[in-house]
Amino acid sequence: KMASGQQWVLVEMVQAFYEAPAYHLILEGILILWIVRLLFSKTYKLQERSDLTDKEKEELIEEWQPEPLVPQVSKDHPSLKYDVVSGPPSHKIIVNGKECINFASFNFLGLLDNERVKVCALASLQKYGVGTCGPRGFYGTFDVHLELEERLAKFMRTEEAIIYSYGFATIASAIPAYSKRGDIVFVDEAACFSIQKGLQASRSVIKYFKHNDMEDLERLLKEQEVEDQKNPRKARVTRRFIVVEGLYINTADVCPLPELVNLKYKYKVRIFLEESMSFGVLGEHGRGVTEHFDVNIDDIDLISANMENAVASIGGFCCGRSFVIDHQRLSGQGYCFSASLPPMLAAAAIEALNIMENDPDIFTILREKCRHVHKSLQGIPGLKVVGEPFAPALHLQLERSSGSRETDMKMLPQHLLVCFQCLDRQIAVTQARYLDKEEKFLPSPSIRVVVTIEQTEVEIEKAANCIREAALAILK
Amino acid sequence: MRCFFGPGRDHGHMHAVARQQVEVLMTDRVMDFSATARQEVKGYKPFVEYFEETPLLVAVLTYMGYGILTIFGYLRDFLRDWKIEKCHVAREREEQKDFVPLYQDFENFYTRNLYMRIRDNWNRPICSVPGAKMDLVERVTHDYNWTFEHTGKVIKDVINMGSYNYLGFAENTGACAAAAAEATQRYGAGVNSTRREMGNLDKHEELEVLVARFLGVEASMAFGMGFATNSMNIPALTGKGCLILSDELNHASLVLGARLSGSAIRVFKHNNMQSLEKLLRDAIVHGQPRTHRPWKKILILVEGIYSMEGSIVRLPEVIALKKKYKAYLYLDEAHSIGALGPGGKGVVDYFGLDPRDVDIMMGTFTKSFGAAGGYIGGKKELVDYLRTHSHSAVYATSMSPPVAQQIIASMKCIMGEDGTNLGRERLQQLSENTTYFRRRLHEMGFIIYGNEDSPVVPMMLYMPAKIGAFGREMLKRNIGTVVVGFPATPIIESRARFCISAAHTREMLDTALTAISEVGDLLQLKYSRQKTPSLEEDAYLESQD
């Protein structure tokens, strides 16, 4: 019975063979031949086959000479010797052995040597010791941290805040937590270095727009819209962000926040605002550029600031809605993989916040002083003041910038000489420092002048005269 | 028996095979290890590491556990979408509902459905010094860990097995705390400027000289954050055209620094010298991919103690390879500085090697010194270059003065320069505690990973439910432990990690061990099928017979 069944199948097969059309047979024949060829052809590895003998390999290894680990730094490199500050960097600062008036530290509200802040830091030290010995996830969360986060959220009137133990790491960890490969970030050309590092870590597509130029930004957004029409599926999953600073550290001017918010809703882009220089400076109560322009704080997706300027502590924070901020607790690299902020520094920050809340007049006084300094520095031969009148960290740049970076860079030593002369006359100013080869858009060389609330009118006059004389002597 | 060699991923090695493997390794090494090199390694120190294979049944059950959790996760997401279950997840603003979603639902699946259930084991707030015993803030949750409430009570005297307090310098009394208080009174808390501008205080210079002396190098530089030390200095040292060979299990900061530098990165198997040698040979012989130009320089990134495995780097072999192939070595001693070695000077001291052989010695002050920040030490040219080109010196605020003072005081104590014997006693105590704790855990039958001398003790849990259960049961018995799961570890290898401290007394360790044994019986964690090792181990260099 089996044999007949098999025979029957065989007959069917032969019949099908005869009945099939010619092209069918030819195609199948070609396919079978192709399979046979593939089965018998030599396989090749995707990587290079190394045809080198062992002896040749040993020779190559012998011959290879690496570069030295670091290039030689000449002894007269201008940045090799740092100015040494003996004692606290407060209003009267001792630089290289000479007592000067401090126009270089970002101690805007004078909280660095405030007695109340020191007392709170000491009390915290006596309770907790210095270090936290662990990241936030593993017994590194202290009640002080939780209190500071609550206070910051309340002060800025947002839902939640998160603190980092290092100011630089704050925005540099926040950006890559949200923006990944394939997302698009529109960032201002004058953005500071920590934003640039955050963008580099995020691996997103970066588009720079000219500093504070809303038309340029709109042009880029429109171009992106056109791109989106071509590929709507991709556009639906590509996140977009605009990263700007409240007060730019490199140019001391303020971003046009209301227009940015309009652009946000028009083109559906989220805004990340970096407020290191404007927190504790702008606004009626020191809440920053959102209060300055009276913009609803919920319109800004994330505000990031460091506590190393006005707050005179160490570290940084981000604040915003819980929907946005909570994500960083598991994806912020500088938050999860690093030890938390020492509790005494957090306690110092809380006390600084207390002072800021109790005494909102200090912001008005600071702004007055900024205006005064801005006015006094006008008319210095060879140097022009760059920055808004209410910005506390101004730049003095060459008046006649040649437009080319090389010629400007040649003037660098002269800037240094101006600073040295000022130091000699007991005014501490510093040259604004950058890493020339690492910055995307290197700012022109300048001298940084910082206004603090502790400077008196007499001191400001003295500083202005000193800079004027130094400039006259060196730049003419 | 007993020396299981090689990384934990090598499944299927039983005793006899392992022994054979040891011998084979040794014959290879003999060619590279000249007689002088062998003698340099002081006293033929036994190098004993354990990475016991995962029992098969346990692995199967673990996968099943994750499978069940995933199914339930999908179910709960479905219920949440259809509003049958109350949704606690924060939502986007109404005005921004038509924006591109900020997170993809899938990204947060693990967080919503697995992490959230056992979230009470992490981020536990404390309200005292993180010393050998600590006080925890009591939290309760009424909605299964979505939100926490502080009851206002404090759980007192919880034995701390989680903080990185190896030498017990986390204290609020004593010489270091007094010195730090004085520095706070004099300098204030912050600095308000960068090192290159107006933030270079005399305290920083003093600290750097001391660190260089401690490590035995020419010069050093200190930074305000350990994580940032790696992520901001590796890009200054290498760039395009360079090659970075990084260990499989390197810390996130090393990985980030390597990525930001723009160099090519190749990964070698954890602590596996053959893998590293193969990569080195291939790199030099073939050069850069496609163009075959020679690499400008090759940098090997390793850590002293790997905190998730408890393993110690095979430093003598790495240095031998580095010298043979003219590569540079970057050693990250975040956990090993202060914790290893007779003088507390880290893994170089532990093996008795010359610190000048390591090109870049990096470490952090957070763990053994009870402060915060990081340092890099090496030759003077290196430190000069970093002073001019490091990102941190130009753009980041310098270290806070009281923190710097704490480091100075604790480092002097470790070196014995403060006039007391405290440093030496603590180092001795740490080493005794480590040996005792590990031996007892082995005897009880738990699977422990890592090197015998490392104060980081990972104990395997494997199953996802046991992660949460272990953490909670230990807290009920007043012991604070750290449990780690995916993504910090491979998915089936979740573990509890104990950090031994010199501040732990024998009684504390005994209390902890009794509790661990109790919980181990309760949760059936005693997986080990090895016989308990005795205290005499084979030295790995002398097994030529």
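Just so you know, these numbers use all the heavy atoms, side chains as well, and skip hydrogens, waters and symmetry mates. Chain letters run A, B, ... following the sequence lines, proteins first, then strands; residues in each count from 1.
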Closer than 3.5 angstrom, by distance alone: can the side chain of [X] be matched with the main-chain N or O of [Y] as a donor-acceptor pair?
X: A:N309; Y: B:N192; result: no
X: B:E381; Y: A:V70; result: no
X: B:R259; Y: A:A201; result: yes
X: A:E67; Y: B:K296; result: no
X: B:Y395; Y: A:L435; result: yes
X: B:Y328; Y: A:L69; result: yes
X: A:R239; Y: B:L102; result: yes

Which bit of [X] comes within less than 4.5 Å of chain B, counting heavy atoms only: side chain, backbone, both or neither?
X: A:P343; answer: neither
X: A:R203; answer: side chain
X: A:Y434; answer: both
X: A:V95; answer: side chain
X: A:Q333; answer: both
X: A:N114; answer: neither
X: A:L146; answer: side chain
X: A:V73; answer: side chain
X: A:A347; answer: neither
X: A:A348; answer: side chain

Can you confirm whether or not the ring centre of B:Y103 sits under 6.0 Å from the ring centre of A:F323? yes
Against chain A, work out which of [options] has the most heavy-atom pairs shorter than 4.5 Å and name it.
options: B:I360, B:V191, B:L256, B:T388; value: B:T388
options: B:V137, B:D202, B:N160, B:V403; value: B:D202
options: B:H150, B:R91, B:K379, B:K367; value: B:R91
options: B:E205, B:M399, B:M232; value: B:M232
options: B:M134, B:K297, B:K326; value: B:K326
options: B:W122, B:Y325, B:Y164, B:W295; value: B:Y164

Within the 3.5 Å criterion, strictly below it, is a donor on B:R124 or A:Y139 matched to an acceptor on the partner's side chain? yes
Report which part of [X] has an atom under 4.5 Å of a heavy atom belonging to chain A: side chain, backbone, both, or neither.
X: B:S128; answer: backbone
X: B:D98; answer: both
X: B:A372; answer: side chain
X: B:T364; answer: neither
X: B:S398; answer: backbone
X: B:H204; answer: neither

Could you walk me through whether B:R93 and A:D301 pass the salt bridge (Lys or Arg N to Asp or Glu O under 4.0 Å) check? CA-CA 10 Å; B:R93 279 174 89 203; A:D301 293 90; over 6 Å; no
B:I298 vs A:W64 side-chain heavy atoms within contact, under 4.5 Å: yes
How long is the gap from CE on B:M198 to SG on A:C100, to the nearest 0.5 Å? 7.5 Å
When rounded to the nearest 0.5 Å, the distance separating CG of A:D83 from CG of B:L201 is 12.0 Å
In plain terms, say whether A:R270 and B:E92 are close enough for a salt bridge, that is, a side-chain N and a carboxylate O under 4.0 Å apart. yes
Carefully, step by step, assess B:R281 and A:E58 under the rule salt bridge (Lys or Arg N to Asp or Glu O under 4.0 Å). CA-CA 9 Å; B:R281 290 181 76 90; A:E58 291 298 329; 2.8 Å; yes
Pick whichever of A:V144, A:L60, A:L80 has the most heavy-atom pairs under 4.5 Å with chain B. A:L80
Of the listed A:Q72, A:H327, A:K81, the one with the largest count of heavy-atom pairs under 4.5 Å with chain B is A:H327
